[in-house]
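Each remark here refers to the structure printed beneath this line.
The model shown is predicted, which means the values in this text are computed figures rather than measured ones. Below, read A as the first sequence line, B as the second, and so on, with proteins coming before strands; counting in each chain starts at 1.
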Number of protein chains: 2
Amino acid sequence: MNDGLFKCLSDSNRRRILYCIGENEMCVNNISECLGLEQSLVSHHLRELYQCGLVERERKGKKNFYRISGMEIIELLKSASKLGDSLEECANDQ
Amino acid sequence: MNDGLFKCLSDSNRRRILYCIGENEMCVNNISECLGLEQSLVSHHLRELYQCGLVERERKGKKNFYRISGMEIIELLKSASKLGDSLEECANDQ
DNA sequence: CGTTCATATGAACAACTATTCATATGTTCT
DNA sequence: AGAACATATGAATAGTTGTTCATATGAACG
């Protein structure tokens with residue numbers, strides 16, 4: 001029942017990574033600088049994103065570049081967070 | 001960064017509940033019969049869905065009826081699982 | 001009131017997840 | 001070959017999450 005995708009998107013650092021490489025492909029170091037996350041943490045998350053098929057990888061010299069697999073992913077993230085906002089307005093939390 | 005929504009949608013039983021009440025509102029017993037889940041489990045999940053604002057609740061006599069807060073939720077689920085399918089085709093798992 | 005039905009709650013536990021640290025792998029260049 | 005850079009991997013750990021069981025709450029009705 002497609003659990004993997006949702007599980008993968010349910011972590012905010014992974015979503016940040018997706019947004020980050022959504023515009024241009026980036027190498028691991030750039031991503032970790034850009035987001036202020038440890039290199040190995042980024043690497044772990046990229047592995048999960050890759051296994052889900054959410055990102056693609058390409059070696060260029062020493063560096064490994066990652067890019068998003070498709071813009072539908074960003075679209076999905078956006079409409080989800082739009083929905084999230086509208087739900088928050090009439091929220092039931094306590 | 002709207003973590004709650006994604007976390008909430010990342011569990012397959014919660015998504016099943018959403019689909020289940022997506023068509024008609026239902027009481028807790030019906031949901032648990034319908035999905036073959038324990039009453040208390042359904043209740044716990046409904047609580048989280050409610051706190052996220054994904055479902056609404058209404059008492060009618062002894063029974064508590066739950067309905068989905070809006071059809072955008074189902075739309076989101078559908079487009080997510082569509083995306084999930086297309087990612088699986090070119091998957092990188094092992 | 002007590003009983004029955006319907007649901008919610010809380011504690012307990014196992015399974016999973018995110019993060020960190022240390023280390024291994026792989027690539028380029030001298 | 002060795003050094004330096006870039007990334008991946010694995011073990012360890014703390015925190016979170018899903019599920020179950022037992023029990024509490026609440027509403028209707030005799």
Take atom [atom1] of [X] and atom [atom2] of [N], then tell me their distance rounded to the nearest Å.
| X | N | atom1 | atom2 | answer |
| --- | --- | --- | --- | --- |
| B:Phe6 | C:dT17 | CZ | P | 17 Å |
| A:Asp3 | D:dG18 | CG | P | 10 Å |
| B:Gln51 | C:dT9 | CD | P | 9 Å |
| A:Arg57 | D:dA8 | CZ | C1' | 9 Å |
| B:Glu33 | C:dA6 | CD | C1' | 12 Å |
| A:Glu48 | D:dG10 | CD | P | 14 Å |
| B:Lys7 | D:dT17 | NZ | C1' | 10 Å |
| A:Lys60 | C:dT28 | NZ | P | 14 Å |

OP1 or OP2 of [N] sitting under 4.0 Å from any side-chain N/O of [X]?
| X | N | value |
| --- | --- | --- |
| B:Arg14 | D:dG18 | yes |
| A:Asn29 | D:dC5 | no |
| B:Arg47 | C:dA8 | no |
| A:Arg59 | C:dG26 | no |
| A:Asn64 | D:dA8 | yes |
| B:His45 | D:dT19 | yes |
| A:Tyr66 | D:dA6 | no |

Contact summary for [X] and [Y], nearest pair of heavy atoms:
| X | Y | result |
| --- | --- | --- |
| B:Arg15 | B:Leu9 | NH1-O, 2.8 Å |
| B:Tyr50 | B:Arg57 | CE2-NH2, 3.3 Å |
| B:Ala80 | A:Phe6 | CB-CZ, 3.4 Å |

Task: Euclidean distance, A:Cys20 SG relative to A:Asn13 CG, rounded to 0.5 Å - done: 11.0 Å
Open item on the list: Taking atom types as they are modelled, would you say the side chain of B:Gln39 forms a donor-acceptor pair with the base of C:dA8 within the 3.5 Å cutoff?
Closed with: yes
- [ ] May I ask you to decide whether B:Arg67 forms a salt bridge with B:Glu58, counting only side-chain N to carboxylate O separations under 4.0 Å?
- [x] yes
- [ ] Describe the nucleic acid contact of B:Lys62 in one word from base, sugar-phosphate, nothing, applying a heavy-atom distance below 4.0 Å.
- [x] base
Open item on the list: Which is more 5' along DNA chain D, the nucleotide nearest B:Ser40 or the one nearest A:His44? Just name the residue.
Closed with: A:His44
